[in-house]
There are 2 protein chains.
Amino acid sequence: MTSGRVTIADVARRAGVSTAAVSKVVRGAYGVSAEMQAKVTQAIDELGYRPHAAARALRGRTYTLGVMLSDTRNPFFPDIIEGVTGRLGDTEYQVLLGPGGIEPKTQARMTDAMIDRSMDGLILISPVMTDAELAAIATAIPVVVVGRHGGAAAYDSVVDDDVMGAGLVVDHLVGLGHTRIAHITHLERARAQGLPHTVRAEGYRQAMRAHGLADDVLATSFTEEGGFEGARELLARDDRPTAIFAGADIAALGVLRAADEAGLSVPEDLSVAGYDNIGIASLKRISLTSVDQDGHVIGATAARLLVERIEGRSRSVTSSVSPTLIVRGTTGPPRV
Amino acid sequence: MTSGRVTIADVARRAGVSTAAVSKVVRGAYGVSAEMQAKVTQAIDELGYRPHAAARALRGRTYTLGVMLSDTRNPFFPDIIEGVTGRLGDTEYQVLLGPGGIEPKTQARMTDAMIDRSMDGLILISPVMTDAELAAIATAIPVVVVGRHGGAAAYDSVVDDDVMGAGLVVDHLVGLGHTRIAHITHLERARAQGLPHTVRAEGYRQAMRAHGLADDVLATSFTEEGGFEGARELLARDDRPTAIFAGADIAALGVLRAADEAGLSVPEDLSVAGYDNIGIASLKRISLTSVDQDGHVIGATAARLLVERIEGRSRSVTSSVSPTLIVRGTTGPPRV
DNA sequence: GGTGTTGTGTAGAACGTTCTCCATTGTTTA
DNA sequence: TAAACAATGGAGAACGTTCTACACAACACC
């Protein structure tokens, strides 16, 4: 009525009760009669009262969960975020995203900022930090880490089973009759452990070994250009591979271009598979065979674990989400 | 030293001064001697003190700016966000993103949540709300709206000049010798005003008229399928167009597929242009001519306007960012 | 020596909640 | 009938800042 925001005191005055009583009603706490409940609820509606989050934060909960994004361009962030918000949609938690950038320093700044704003918990997506830094954050606030293999005791982890995903691709290609299957991976630069591309490469090696085949890993980068260069090198060899498994779809697109330029038809002369199942992989003009990590499930799982931890669980949990292979037009039997 | 977080009182005790003095130093306020400055700074460093944002919020500023995202999948969000964070990188403002979803209701819930968390200002990206709702939000908090044409007095606006962008495409195609140029737009459903696709279609009509050509607008949807269906219909006509300008790249990809299936080669039989310059448009296999709206500039401008408004400007500003045409392989002279 | 003026520091009241007692009822139980 | 107990509402102290007053010194001026 007067000037700015309507506070709990305004509601209390309107309903003719104490602020403490209003607080109880708002929080659904014990010790409120039905009559009181009704009076207060009505006053709240009439005044359009909304609790001030900062004031709450000063006492305890803030009902805000932070999600730190390392690389906003990462194509399956939207899925993960949908999974998180979907899971939390009917609770009173709100999700805010923090663009952390790809630098360890900016990511640290962002997590600090989120802690300063007294969020109740944090989901870190593919954070680029040392294990020690992660552990330090996790002592200050409940944390769930997504996309880093080899979790620690201080926080929960949700990972895509990249070993399995790579295995699915190799099994598929071997099943089609391929024996010379090459893998393009990302050149390791950061010191961080357990990054997905490393694990995918390892999964590829394991699967090839299991089939009694020789592995062939080339490290360029997960870009269209990286895929292109890698494929050009592989295709120039005498015993060129009949199938190339790129560790990321974006690189697989480069492989497809290299095949085009080399005059090889896909999948007759060369089978190509990627990883991540990005949106355009399903476009009919591309139709790329790829591994889909269910972002919704990953996000929803992370949200569930985080809430559990906020509400008291202290034992650390690691959840592994199984990927699925989406077979499309870029893989087929090798020409004999 | 004791248990939890280190507060301003801890610092004051350590430095042997009052909390008010520490507060002054932290805020860089007037009335601090060099000696005091040094003492306090040292104490802060020793204790690793960080101001508690919620406590600050209770008094005034929170140094947090919110960006409400309508559709996380929108391909140029990353650019806009980079623009915003880049501009704000050396200030003490922090940016948090709120996934608002595509429903008016969820977007309203998110903006409310951001206001509850007493953010200093809001950037709304392509919000789907009525003008009245927008105006209501803008009275509660400084607001900059991105991507809605026809701004209001209560808030600032940043828009891509979609009329100009559509004009660039038409001029380019006419310059190549095309006269039968069709446009695929998005079927209007929401009641919101001034959405980009409407303005692009209008810009297309204006430009065609300026060249003395008849316009030809088909409304499907901004999806790959929408572009495909639209193109199929257009290409089935007797006097089929020699060029199709899709209002969004994703639809242009569908147009390309339709051309493929119709056995038409691009750009000889059909020129295709899109809008947004999404990442894959530049892939050599696609090489789509498209209109680039500089997301960095849009984001940076929005951030600048918001800070200005927070710091006192009350006059409303609308900033129009000029797009550029990126000519690639899908447009060329028509076959005569 | 009074009266300003300036520069520096502090006391203490907000800000809007939550939450731990405590007071007041009304109801059982001995 | 007294004593114990349960159910409900309220007082008031936090929570960690900011910021308006004000105090106190040192110094300049008349």
Side-chain angles (χ1 to χ4, degrees), chain A residues 1-41 43-44 47-64 92 113 115-120 140, chain B residues 1-41 43-44 47-64 92 113 115-120 140:
Chain A
M1 178 100 289
T2 52
S3 65
R5 107 172 272 140
V6 25
T7 76
I8 202 172
D10 298 328
V11 177
R13 210 169 305 124
R14 176 86 161 218
V17 299
S18 72
T19 61
V22 177
S23 176
K24 279 186 187 175
V25 171
V26 169
R27 288 156 25 227
Y30 174 82
V32 186
S33 66
E35 185 199 9
M36 160 78 62
Q37 159 88 30
K39 259 194 311 190
V40 171
T41 309
I44 287 176
L47 295 170
Y49 166 72
R50 297 184 59 91
H52 192 310
R56 284 188 149 173
L58 221 43
R59 294 289 314 191
R61 293 290 185 79
T62 165
Y63 299 103
T64 310
E92 48 193 338
I115 294 172
D116 292 345
R117 281 155 186 77
S118 43
M119 297 194 167
D120 291 342
Chain B
M1 178 102 289
T2 51
S3 63
R5 109 171 271 140
V6 24
T7 76
I8 202 173
D10 298 328
V11 176
R13 209 171 305 125
R14 176 85 162 220
V17 299
S18 71
T19 60
V22 177
S23 177
K24 277 188 185 176
V25 171
V26 169
R27 289 157 24 227
Y30 174 82
V32 185
S33 66
E35 185 200 9
M36 158 81 52
Q37 159 88 29
K39 261 194 308 191
V40 171
T41 310
I44 287 176
L47 296 171
Y49 165 72
R50 297 184 59 93
H52 192 310
R56 283 188 150 175
L58 222 43
R59 295 288 315 185
R61 293 291 183 79
T62 167
Y63 297 103
T64 310
E92 48 192 336
I115 294 172
D116 292 345
R117 281 153 187 79
S118 43
M119 299 195 166
D120 291 343

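A note on names: the letters A, B, ... follow the listed sequences, proteins ahead of strands, and every chain is numbered from 1. Below, each value reflects all heavy atoms present in this structure, side chains not excepted, and no hydrogens, waters or symmetry copies.
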Establish, with yes or no, whether the OP1 or OP2 oxygen of [N] is under 4.0 angstrom from a side-chain nitrogen or oxygen of [X].
X: B:R27; N: D:dC19; answer: yes
X: A:T19; N: D:dG10; answer: no
X: B:Y30; N: C:dT8; answer: no
X: B:Y49; N: D:dG16; answer: no
X: B:S23; N: D:dT18; answer: yes

Whole-Å gap separating [atom2] ([N]) and [atom1] ([X]):
X: A:L58; N: C:dT17; atom1: CG; atom2: P; result: 12 Å
X: B:E35; N: C:dG7; atom1: CD; atom2: P; result: 17 Å
X: A:H52; N: C:dA14; atom1: NE2; atom2: P; result: 17 Å
X: A:R13; N: C:dT17; atom1: CZ; atom2: C1'; result: 15 Å
X: B:D10; N: D:dG16; atom1: CG; atom2: P; result: 9 Å
X: B:R117; N: C:dT17; atom1: CZ; atom2: P; result: 13 Å
X: B:R56; N: C:dG16; atom1: CZ; atom2: P; result: 18 Å
X: B:R5; N: D:dA14; atom1: CZ; atom2: C1'; result: 16 Å

query = What's the verdict on side-chain contact (heavy atoms from CB on, under 4.5 Å) for A:T62 and A:R56, showing C-alpha distance, side-chain angles and the deciding distance?
reply = CA-CA 6 Å; A:T62 165; A:R56 284 188 149 173; 5.9 Å; no
Between [options], which one does the side chain of [X] approach most closely?
X: A:A20; options: C:dG9, C:dG16, D:dG12; result: D:dG12
X: A:S33; options: D:dT8, D:dT18, C:dT18; result: D:dT8
X: B:T7; options: D:dG16, C:dG16, C:dG7; result: D:dG16
X: A:K24; options: D:dA13, D:dT18, D:dG10; result: D:dG10
X: A:V32; options: D:dT17, D:dG9, D:dG10; result: D:dG9
X: A:M36; options: D:dG9, C:dT8, C:dT17; result: D:dG9

task = Please assess B:D10 against B:R14 for the test side-chain contact (heavy atoms from CB on, under 4.5 Å), listing each intermediate value before the final yes or no.
result = CA-CA 6 Å; B:D10 298 328; B:R14 176 85 162 220; over 6 Å; no
query = Any side-chain heavy atom of A:K39 sitting closer than 4.5 Å to one from A:V11?
reply =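 A side-chain contact is absent here, since even the closest heavy-atom pair is not under 4.5 Å.
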message = What I'd like to find out is whether the side chain of A:I8 reaches to under 4.5 Å of the side chain of A:S23, using heavy atoms alone.
response =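 A:I8 vs A:S23: side chains touch.
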ask   = After noting the C-alpha distance and the side-chain angles of A:M36 and A:V17, does the key distance pass the side-chain contact (heavy atoms from CB on, under 4.5 Å) rule?
value = CA-CA 8 Å; A:M36 160 78 62; A:V17 299; 3.7 Å; yes
request  = Assess whether one donor atom and one acceptor atom, taken from the side chain of B:R59 and the base of D:dT17, lie less than 3.5 Å apart.
outcome  =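 In this structure, the two groups form no donor-acceptor pair.
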task = Could you tell me whether the side chains of B:T64 and A:R117 share a donor-acceptor contact shorter than 3.5 Å?
result =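 Yes, a side-chain donor-acceptor pair sits under 3.5 Å.
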inquiry  = Under 4.0 Å, heavy atoms only, any strand: does B:V17 hit a base, just the sugar-phosphate, or nothing?
reply    =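 Sugar-phosphate, backbone atoms only, no base.
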